[in-house]
Amino acid sequence: MLFRSKFRPFGQFPPQLPAPKPAISSAAAAAADELLIDSSTSKNPVREILTLAKRGNRPLFLPSNRTRVDRQSRGAGKDGNFMDWEVARTRFEDARLARLETCHALAREGRLKEINSVLKQMLHEEGSGSAPSLCELLQNNFRDCDSCSIVWDVLANVYAQLEMIHDALYVLSKMDSLNMQASISTYDSLMYNLRHTDMVWDIYKEIRARGVTHSEYTYNILIDSLCKQQRLQDAISFFQDVHGRKEVKPFIITFNTLMSGLCNAGLVEVAKSILSLILKYGLRPDRYSYTTLIHRLCAAGSMEEALKLFEDMEKDGILLDVVAYNILINGYRLLGLMSEVWKLIKMMIFQGLKPDLVTYTILITGHCEKGDVEEGLRVRREVIARGIQLNIVAYSVLLNALFKKGQIGEVHQLLDEIEAIGLHMDLVAYSILIHGYCKLGEIERALQVCQMMCSKQVMPNSFTHGATLSSLCKKGMLVEARWYLDNLVGSGLMVDIILYNIVIDGYAKIGDVDGALELYEQILKLGLSLTIVTYNTLIFVFCKIEKLTVAEHFLRQIELNGINPTVVTYTTLMDAFVGAGNTDSMLRMFNEMIEKAIMPNVITYSVVMKGLCKQGRLQKAIDILKDMHISGVQIIYFETII
DNA sequence: GTAGGGTTAG
């Protein structure tokens, strides 16, 4: 039983909240307490020893025949069964030197890929923060040899690939002081791993200042980075600027990247125009160009257009592959058209293509979304019978569906299965568990899952915490919710506006204006951007305590801040005006939203009816009811209100 | 560089 048996009893609140990704593993953290490290279960005992040593501890090394570190093993240190720390350290240093020597030997033969894999393994074990000591080792032991600059360059490159950016930059600065030039491939790696930040431009400036020739990937990374940072206009300008230069050969990936950025921003029409641009530059769209567009069209529900492009792709001589089919199949799943999903699966089989795990996952998702988890589970059995093992994505879909149906017994069965086949739970899978337990009101269990994922180095994100927070709020445990939020903020974790919105809403529901306002001020101090949800919630809290002038003041504030009020904003205010017996103000709000072309929904209409009926203005109520019919709003809700 | 899973407000 994955989660039942391993949970420690949860006796205290608040629990220990996840800290930012620690420099050492949980095994090392546990060992720090006991000064013992289990070499058989620890992934990287040497690294852990070093980390402990830095903290002034003198850890002992458990021989590999021990399987567990537990309280009883503490005494085992006395029987001489442990390796001495000094011995371990010397062996470690020797091993490092031997590996670097191997790298230099490989460099002399120009075997770059192999250096890359040796260093990747080594740096993976060494962890971040290891650059200074490795550089020292390189500098002291491998001077004045031709192969040196290659090894240094690959070292910086691998640090960048492993996203140990500070280490990569450290190696580059050392190389600079030793008059060695990094290769464009290393700069590319660094830029790629910094693509979510503005730092890419500093690296690009450096490349240009040093006169290093760009690779075909360099511009692609920069355009991708601008798209990822939602700077589409800049991406387009940069693209035009680059392609205006004679020395730059057009490269299909760069076109596709820009197209992908445009698609993600919802600019499908502009993205489509890139297809003709590709031809204009003398290139041909490849399968990525087509599938990127098809994917976007499917996501938008434009299946006809997607199918047309699918045919164009085939006409263009590009063989349809499983990915292209899966994109289309998923498009039909999104529309809930399972019969079409089956048709396409048959079609792909007819074309000689084998549905893969992604195809089956889409199929399972479709069944689950229709509420037929049994059918989803049946597909799972069929897939397994065909010799395909499900991955964590497919299991997540099923877990989520089972939680929604409250089939907790089946949830635990699947968790056992996941454990039995040795699959690792990832961030989404854990988040589904946390959400599921929260929805069932089992918040303690949710918190235990949170602790468990942290101990496995899977760090919760905003979504994960959101579930816990909203669950605490729903239970009215505002003190605990606030404590949880404060801890997230205090531990320097990324806290976004959604988490604040959830807790503000919690305060709003219990009518605690002070709590809500305190958080509002905190948001302003932190410089987070308020969303319409924040404002709606604040309006709600003032409505709740019957301060309607203040509530309406927020509505004006929203507009001043350039945010568009929604149907929720107006409905909240209207409901409050009805409650206060002020039907005229309610109608004023109603007319205002109509003028702004904000579509009223069922709840809005029910509020209007409630107000008018309360005042006995039945004719007006009937008139609005007719409008409601015309605009196609369902009447069911209204009847229940009357 | 293209495909499949989780989330907030009335």
Side-chain angles (χ1 to χ4, degrees), chain A residues 192 217 220-221 223-224 227 251-261 263 286-296 298-299 321-331 333-334 356-366 368-369 390-401 403-404 426-436 438-439 460-470 473 496-506 508-509 531-541 543-544 566-576 601-604 606-607:
Chain A
Y192 179 76
Y217 287 97
N220 182 57
I221 296 166
I223 288 167
D224 184 40
C227 291
F251 181 47
I252 188 69
I253 294 181
T254 313
F255 286 81
N256 291 345
T257 300
L258 184 63
M259 206 156 75
S260 173
C263 280
D286 64 5
R287 67 172 67 255
Y288 292 94
S289 325
Y290 279 108
T291 46
T292 303
L293 266 179
I294 295 174
H295 178 217
R296 194 66 214 179
C298 286
D321 63 356
V322 183
V323 174
Y325 267 103
N326 284 346
I327 291 171
L328 273 186
I329 291 171
N330 193 46
R333 183 221 107 206
L334 287 168
D356 65 2
L357 184 55
V358 176
T359 324
Y360 290 119
T361 309
I362 298 169
L363 196 56
I364 294 174
T365 312
C368 288
E369 277 170 352
L390 261 59
N391 62 11
I392 196 66
V393 176
Y395 275 107
S396 302
V397 175
L398 288 164
L399 283 173
N400 193 38
F403 263 119
K404 275 191 181 144
D426 67 2
L427 174 64
V428 177
Y430 277 121
S431 298
I432 288 170
L433 281 191
I434 291 174
H435 274 274
C438 281
K439 274 195 187 124
N461 64 4
S462 166
F463 286 150
T464 327
H465 293 307
T468 311
L469 276 174
S470 62
C473 288
D496 62 17
I497 188 70
I498 294 179
L499 297 182
Y500 273 98
N501 288 347
I502 293 169
V503 185
I504 293 179
D505 182 63
K509 293 267 163 55
T531 66
I532 186 62
V533 179
T534 326
Y535 280 112
N536 288 348
T537 313
L538 287 168
I539 287 176
F540 176 74
V541 75
C543 286
K544 180 130 180 152
T566 62
V567 57
V568 179
T569 324
Y570 279 100
T571 309
T572 308
L573 273 165
M574 285 163 60
D575 191 44
N601 61 19
V602 185
I603 308 174
T604 322
S606 74
V607 169

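Quick note on labels: first sequence line is chain A, next is B, and so on, each numbered from 1. Heavy-atom basis, side chains included; hydrogens, waters and symmetry copies ignored.
If you check every strand for non-hydrogen atoms under 4.0 Å, A:Asp575 touches nothing. At a threshold of 4.0 angstrom between heavy atoms, the contacts of A:Thr569 with the nucleic acid are absent. Residue contacts for A:Ser260: at a heavy-atom cut-off of 4.0 Å it reaches no nucleic acid atom on any strand shown. At a threshold of 4.0 angstrom between heavy atoms, the contacts of A:Lys509 are confined to the sugar-phosphate backbone, with no base atom among them. Looking at heavy-atom distances under 4.0 Å, A:Phe251 makes no contact with the nucleic acid at all. Using a 4.0 Å heavy-atom distance criterion, A:Asn330 is classed as a sugar-phosphate-only contact. Residue A:Ile504 is classed as having no contact, given no heavy-atom separation below 4.0 Å to the nucleic acid. Within the 4.0 angstrom heavy-atom criterion, only backbone atoms of the sugar-phosphate kind lie near A:Ile432; the bases stay farther away. As judged by a 4.0 angstrom heavy-atom cut-off over every strand, A:Ile327 is placed among residues touching the sugar-phosphate backbone only. No engagement by A:Asn220 is indicated, since no non-hydrogen atom pair under 4.0 Å with the nucleic acid exists. Using a 4.0 Å heavy-atom criterion, one finds that A:Ala429 contacts the bases of the nucleic acid, with or without backbone contacts as well. Residue A:Leu293 is classed as having no contact, given no heavy-atom separation below 4.0 Å to the nucleic acid. At the heavy-atom level, A:Asn400 lies under 4.0 Å from the strands shown only through sugar-phosphate atoms.
Of the candidates B:dG1, B:dG4, B:dA9, the closest approach to any side-chain atom of A:His295 belongs to B:dG4. Ranking B:dG6, B:dG5, B:dG1 by closeness to the A:Tyr288 side chain, first place goes to B:dG1. Relative to the side chain of A:Asn326, the nucleotides B:dG6, B:dG10, B:dA3 differ in distance, and B:dA3 lies closest. Side-chain proximity of A:Val323 to the nucleotides B:dT2, B:dG1, B:dA9 is greatest for B:dT2. The nucleotide whose nearest atom lies closest to any side-chain atom of A:Asp286 is, among B:dA3, B:dG1, B:dG5, B:dG1. Comparing B:dG10, B:dT2, B:dG6 by their nearest atom to the side chain of A:Thr464 picks out B:dG6. Distances were taken from every side-chain heavy atom of A:Asp505 (C-beta onward) to each of B:dT2, B:dG5, B:dA9; the shortest belongs to B:dA9. The side chain of A:Thr572 lies closest to B:dG10, out of B:dT8, B:dG10, B:dG1.
Pairing each heavy atom of A:Ile502 with each of A:Leu469, the nearest pair is CG2-C, 3.8 Å. Annotation for A:Tyr395 and A:Leu390: closest pair CE1-CB, 3.4 Å, computed over non-hydrogen atoms.
Under the ring-ring contact (aromatic ring centres under 6.0 Å, His included) criterion, A:Tyr360 pairs with no residue, sequence neighbours left out. The side-chain contact (heavy atoms from CB on, under 4.5 Å) test applied to A:Thr291 returns A:Met313, A:Ala324, A:Ile327, not counting sequence neighbours.
A:Leu357 places its CG atom 13 Å from the P atom of B:dG5, with the value rounded to the nearest Å. Rounded to an integer number of Å, the gap from CG of A:Leu328 to C1' of B:dT2 is 13 Å. Going from atom CD1 of A:Ile364 over to atom P of B:dA3 covers 20 Å, rounded to whole Å. B:dA9 atom P lies 12 Å from atom CG of A:Leu469, rounded to whole Å. When rounded to the nearest whole Å, the span between CG of A:Leu499 and P of B:dG6 equals 19 Å.
A side-chain contact (heavy atoms from CB on, under 4.5 Å) with A:Cys298 is found for exactly one of A:Leu328, A:Leu293, A:Asn330, namely A:Leu328.
One can find a donor-acceptor pair under 3.5 Å joining the base of B:dG10 and the side-chain atoms of A:Asn601.
A donor-acceptor pair under 3.5 Å links the side-chain atoms of A:Thr572 to the main chain of A:Val568, judged by distance alone. A donor-acceptor distance shorter than 3.5 angstrom exists from the side chain of A:Arg296 to the backbone of A:Cys263, with no hydrogens or angles considered.
Taking side-chain N and O atoms only, A:Arg296 has no distance below 4.0 Å to OP1 or OP2 of B:dA3.
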